[in-house]
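Being a predicted model, the structure only gives us computed values, none of them experimental. Computed over heavy atoms, backbone and side chain alike; hydrogens, waters and symmetry mates excluded.
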Amino acid sequence: MALDLLGERQRTHYCGELRESHQGQTVFLAGWVARRRDLGSLVFLDLRDHTGVTQIVCNLEISPEAHEKAEQVRPEYVVGVEGEVVLRDPATVNPQIPTGKVEVQARKLLLLNESRTPPFPIEDEGRMAEETRLRYRYLDLRRSRMQQNIRLRHRASLTVREVLSRHRFVEIETPFLTRSTPEGARDYLVPSRVHHGHFYALPQSPQLFKQILMIGGFDRYFQIVRCFRDEDLRADRQPEFTQIDIEMAFPQRSVLFAIIEELMASLFALVDVQVSRPFPILSYDEAMERYGSDKPHTEFGLEWKRVNLPEGAQEKVRVSCPLKALRVPGWASTNRSQIDKLQETAQAAGADWFSAIKMSGAEPQSSLVKALGEDAVRQLASAAGAQPGDLVILLGLKPGQSAQGPQHRLDEASSEVRLELARKLDLLKSGGWHFLWVVDFPMFDYDDKENRFVAMHHPFTSPREEDLGMLETDPGGVKARAYDLVLNGSEIGGGSIRIHRPDIQRRVFSALGMTPEKARERFGFFLDALEYGTPPHGGIALGFDRIVGLMAGESNIREVIAFPKTASAVDVMCDAPSTVEPEQLEELGLEIKESPVEG
RNA sequence: GGGGACGUAGUUCAGCUGGUUAGAACGCAUGCCUGUCACGCAUGAGGUCGCGGGUUCGAGCCCCGUCGUCCCCGCCA
């Protein structure tokens with residue numbers, strides 16, 4: 001097929017722009033053919049770009065050349081059209097598209113490029129196998145959903161730069177080829193050609209660099225930066241993802257929170273969401289107690305309370321006190337199978353003991369009545385705040401399970417039960433935007449497998465000043481000056497006030513079971529830097545993909561990433577990862593260990 | 001590493017209790033058509049039922065294994 005050259009022609013309008021006011025103008029449009037409707041000596045083309053669609057008429061009587069070419073055109077061919085904007089006959093107006101009152105009468109049709117038949121329709125927004133979409137991502141990107149999402153992402157990054165620059169933050173790039181830090185996530189490694197046996201690591205986050213920038217006198221830093229973690233994927237996790245990384249010197253938590261809240265308000269204004277400020281602040285302990293989660297969805301009530309079995313009842317029921325109790329308003333009429341499902345959920349998530357009380361009518365209904373008597377059960381229910389017509393759910397642990405681990409299991413179960421109830425009661429759809437700060441995280445988590453404390457956030461997080469004395473005596477009780485930002489039950493950011501004093505940094509390393517030698521080996525450069533006048537500093541990292549995903553109403557961050565990877569970390573479009581030439585391995589001093597052949 | 005769902009035409013999917021030649025819609029090709037806009041009409045092409053093995057007279061369907069995709073747990077300082 002003979003193709004035409006674009007030559008000197010320039011697009012005068014986008015395909016979604018023409019209106020009645022353009023009547024009579026000669027225009028030049030360019031784009032992709034979305035559809036062709038061939039009526040013989042009259043051919044209609046729907047010409048598409050990211051702004052919309054304009055109908056092109058190719059009439060044999062008006063331009064035989066244009067009509068001839070229109071006959072050859074197929075979907076996704078790239079064409080340019082020169083012609084006149086004409087009003088459509090009122091009977092043929094298409095009210096479904098913004099350009100529906102006009103059409104372009106083609107004088108010249110330029111065939112700029114052909115296209116193979118696409119494997120899936122571009123116009124149809126129907127569901128499509130993920131793998132097919134990713135394999136032909138260039139076609140998927142043409143679809144309006146991806147056009148909107150990726151362009152929203154662009155506007156979001158502009159907003160980030162605008163808001164933070166206004167607050168005198170400076171965008172500074174940090175290295176991608178850096179040093180492996182064994183704590184935390186698995187690193188992606190890059191072998192060095194110059195130094196055989198040595199590896200760079202791609203950063204899990206620019207944590208140490210941004211702290212060093214504080215030491216270096218850039219008192220307010222930010223970066224929209226790619227981070228890499230070689231861990232298993234999820235709907236909200238990609239092996240490479242983007243953070244809005246922020247750090248400031250001489251920080252007051254309240255100042256940082258206000259800036260981040262302003263940033264969030266500006267971002268969500270892009271999708272016409274008004275964010276109410278300031279965001280509520282909840283301590284970690286309270287979040288776990290009331291919601292069983294450190295990232296609670298606070299849109300709906302359903303809060304847990306601690307209740308104790310009445311005196312004398314403890315011997316009759318094999319459960320440790322206090323219990324966790326949840327009042328479900330007006331749900332006394334629910335059926336057995338619903339309660340059984342909740343019990344299943346609770347026990348799968350780690351609760352040892354489950355019971356329910358129906359407050360229907362005068363007498364409470366519960367399997368506990370037999371063991372405890374009506375009065376005791378009524379007492380329990382009223383401790384949980386139950387009113388007539390309510391259901392009360394009780395969760396507990398086996399007797400003697402008061403340690404941190406089992407309590408954590410109980411919290412986990414209470415969170416799962418709560419979320420399942422919210423789904424059953426259809427409480428998740430109100431469309432609200434509930435931001436929340438969760439603060440005062442524990443400094444350390446006990447790792448049962450490694451038999452030592454590990455940093456809950458990271459080892460550069462400052463303990464609360466009032467807890468410093470407990471670093472050596474009761475590490476489990478030390479709270480960190482760390483905070484997470486939560487939106488509708490999903491964690492969209494986290495940060496902390498950092499340690500700026502070398503003596504405290506040494507004590508934290510030691511609490512983590514790291515010898516001074518080991519600390520020096522891993523973080524020597526950073527410990528050195530800390531010795532040279534480090535200002536108090538702190539910051540936060542926000543999950544940019546997650547935020548844009550929420551703004552776009554997407555439940556999977558792949559929908560806001562142009563070229564994402566599958567759940568097994570494969571790029572199916574370019575087929576990465578791949579094997580490499582033996583010469584490349586040779587140059588790097590690497591040898592591949594063959595995987596053992598299965599007998 | 002573990003659990004669940006899925007894998008049939010280019011795409012989305014149907015395919016009963018294992019039984020003749022595996023179907024539909026959309027898309028695609030060819031022809032006709034001057035007011036269509038999900039154009040219409042006519043004709044036609046298009047299948048390694050993911051892959052390998054097994055059971056059976058006979059497997060898209062049953063069994064075992066394997067690969068891939070999605071979701072979840074573990075993991076993600």
Side-chain angles (χ1 to χ4, degrees), chain A residues 34-48 53-62 67 71 74-76 86 88-97 99-100 103 105 115-136 139 181-187 204-205 207-208 227-239 241 348-350 412 416 441-445 447 449-450 452-461 480 482 491 494 496 508-509 512 514 522-523 541 543 555-556 558 565-570 572 598:
Chain A
R35 274 207 164 79
R36 183 180 64 123
R37 290 178 293 280
D38 185 347
L39 278 66
S41 45
L42 198 59
V43 178
F44 296 97
L45 302 179
D46 286 345
L47 192 63
R48 181 199 67 234
V53 164
T54 296
Q55 174 163 282
I56 311 298
V57 206
C58 301
N59 192 324
L60 182 64
E61 288 174 5
I62 289 173
H67 178 267
E71 292 282 342
R74 294 292 179 272
E76 300 314 310
V86 298
R88 298 198 198 181
D89 185 285
T92 63
V93 160
N94 182 354
Q96 288 167 319
I97 55 174
T99 60
E103 61 194 7
Q105 195 124 62
S115 169
R116 286 163 63 179
T117 301
F120 50 82
I122 308 300
E123 303 310 302
D124 185 8
E125 295 293 327
R127 288 178 308 284
M128 186 69 55
E130 287 278 335
E131 201 184 347
T132 314
R133 291 180 56 199
L134 293 180
R135 189 173 303 283
Y136 299 94
L139 296 176
T181 52
E183 299 250 340
R186 211 172 284 116
D187 287 317
Q204 298 170 24
S205 85
Q207 183 60 34
L208 291 178
C227 302
F228 306 85
R229 294 182 189 172
D230 189 0
E231 297 292 347
D232 289 338
L233 276 52
R234 288 282 191 289
D236 60 354
R237 270 162 36 191
Q238 281 277 307
F241 60 100
E412 181 79 12
E416 291 298 321
F441 280 76
M443 184 78 189
F444 306 106
D445 239 356
D447 187 326
K449 276 172 249 161
E450 294 196 39
R452 66 176 183 102
F453 281 101
V454 295
M456 195 155 175
H457 188 54
H458 56 58
F460 314 105
T461 299
E491 181 197 330
S496 61
V508 168
F509 278 149
L512 289 166
M514 213 186 289
R522 289 181 184 174
F523 305 113
S555 53
N556 194 307
R558 280 193 299 267
K565 292 179 177 55
T566 68
S568 57
V570 167
V572 288
E598 304 278 322

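B/rC26 is paired with B/rG10 under the criterion used here, namely a Watson-Crick or G-U wobble arrangement in which both key atom distances are under 3.5 Å. Nucleotide B/rG46 forms a pair with no other nucleotide shown, judged by Watson-Crick or G-U wobble geometry with both contacts under 3.5 Å. In this structure, B/rG65 and B/rC51 make a Watson-Crick or G-U wobble pair, each of the two defining distances being under 3.5 angstrom. Across all strands shown, B/rU56 forms no Watson-Crick or G-U wobble pair with both key distances under 3.5 Å.
Separating the P atom of B/rC16 from that of B/rA59 is a span of 16 Å, rounded to the nearest Å. With both ends at atom P, the span from B/rA9 to B/rG23 equals 14 Å, rounded to whole Å. The gap from the C1' atom of B/rG27 to that of B/rC39 amounts to 16 Å, rounded to the nearest Å. Comparing the same atom, P, in B/rG50 and in B/rG68 gives a spacing of 16 Å after rounding to whole Å. The P atoms of B/rC32 and B/rU17 are separated by 48 Å, rounded to the nearest whole Å. Nucleotides B/rU69 and B/rU12 are separated by 16 Å at their P atoms, to the nearest Å. B/rA14 and B/rC76: their P atoms are spaced 39 Å apart (whole Å). Taking the P atom of each, B/rA5 and B/rC41 are spaced 42 Å apart, rounded to whole Å.
For A/R237 against B/rC75, a side-chain N or O and a base N or O form a donor-acceptor pair under 3.5 Å.
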Distances under 3.5 Å only, N/O to N/O: pair up the protein atoms with those of nucleotides 27-35 of chain B.
{"unit_1": "B/rA29", "atom_1": "OP1", "unit_2": "A/R74", "atom_2": "NE", "d": "2.9"}
{"unit_1": "B/rU30", "atom_1": "OP2", "unit_2": "A/R74", "atom_2": "NH2", "d": "3.3"}
{"unit_1": "B/rC33", "atom_1": "N3", "unit_2": "A/D38", "atom_2": "O", "d": "2.9"}
{"unit_1": "B/rC33", "atom_1": "N4", "unit_2": "A/D38", "atom_2": "O", "d": "3.2"}
{"unit_1": "B/rC33", "atom_1": "N4", "unit_2": "A/D38", "atom_2": "OD1", "d": "3.3"}
{"unit_1": "B/rU34", "atom_1": "OP2", "unit_2": "A/L39", "atom_2": "O", "d": "3.1"}
{"unit_1": "B/rU34", "atom_1": "OP2", "unit_2": "A/S41", "atom_2": "N", "d": "3.1"}
{"unit_1": "B/rU34", "atom_1": "OP2", "unit_2": "A/S41", "atom_2": "OG", "d": "3.2"}
{"unit_1": "B/rU34", "atom_1": "O4", "unit_2": "A/E61", "atom_2": "OE1", "d": "3.0"}
{"unit_1": "B/rU34", "atom_1": "O4", "unit_2": "A/E61", "atom_2": "OE2", "d": "2.2"}
{"unit_1": "B/rG35", "atom_1": "N1", "unit_2": "A/E103", "atom_2": "OE2", "d": "2.8"}
{"unit_1": "B/rG35", "atom_1": "N2", "unit_2": "A/E103", "atom_2": "OE1", "d": "2.6"}
{"unit_1": "B/rG35", "atom_1": "N2", "unit_2": "A/E103", "atom_2": "OE2", "d": "2.9"}

Could you run down the sub-3.5 Å N/O contacts of the protein with nucleotides 12-15 of chain B?
{"unit_1": "B/rU12", "atom_1": "OP1", "unit_2": "A/A129", "atom_2": "N", "d": "2.9"}

Distances for protein N/O vs nucleotides 66-68 of chain B N/O pairs under 3.5 angstrom?
{"unit_1": "B/rG68", "atom_1": "O2'", "unit_2": "A/E131", "atom_2": "OE1", "d": "3.3"}

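Atom CG of A/D232 is separated from atom P of B/rU69 by 13 Å (rounded to the nearest Å). Spacing between atom CG of A/L233 and atom C1' of B/rG2 amounts to 17 Å, rounded to whole angstrom units. One atom, CZ of A/R234, and another, C1' of B/rC75, lie 7 Å apart when rounded to the nearest Å. The interatomic distance linking A/F241 (CZ) with B/rC76 (P) rounds to 13 Å, in whole Å. The separation between A/E130 atom CD and B/rC71 atom P is 7 Å, rounded to whole Å.
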Check against side chain to side chain contact (heavy atoms under 4.5 Å, CB included), A/R133 and A/R558: CA-CA 11 Å; A/R133 291 180 56 199; A/R558 280 193 299 267; over 6 Å; no

Test side chain to side chain contact (heavy atoms under 4.5 Å, CB included) on A/R116 and A/R74 and set out the steps. CA-CA 9 Å; A/R116 286 163 63 179; A/R74 294 292 179 272; over 6 Å; no

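Using a 4.0 Å heavy-atom criterion, one finds that A/P459 contacts the bases of the nucleic acid, with or without backbone contacts as well. Across all strands, A/R116 comes closer than 4.0 Å to no nucleic acid atom at all (heavy-atom distances).
Heavy-atom minimum distance, A/H67 versus A/L60: ND1-CD1, 3.5 Å.
Neither OP1 nor OP2 of B/rG74 sits under 4.0 Å from any side-chain N or O of A/R186. Side-chain nitrogen and oxygen atoms of A/R37 include none within less than 4.0 Å of the OP1 or OP2 phosphate oxygen of B/rU36.
Here A/R237 pairs with A/R234, A/R546 under the side-chain contact (heavy atoms from CB on, under 4.5 Å) rule; sequence neighbours left out. For A/H458, the ring-ring contact (aromatic ring centres under 6.0 Å, His included) partners at least two apart in sequence or on another chain are A/F460. Among residues two or more places apart in sequence or in another chain, the side-chain contact (heavy atoms from CB on, under 4.5 Å) test is passed with A/F453 by A/F444, A/Y446, A/P475.
Mapping A/A567 and A/E231 onto RNA chain B by nearest heavy atom places A/A567 at the nucleotide closer to the 5' end.
Side chain of A/N94, nearest nucleotide from B/rC37, B/rC76, B/rG74: B/rC37.
Summarising the geometry, atom CG belonging to A/L139 is positioned 10.5 Å from atom CE belonging to A/M128; distances are rounded to the nearest 0.5 Å.
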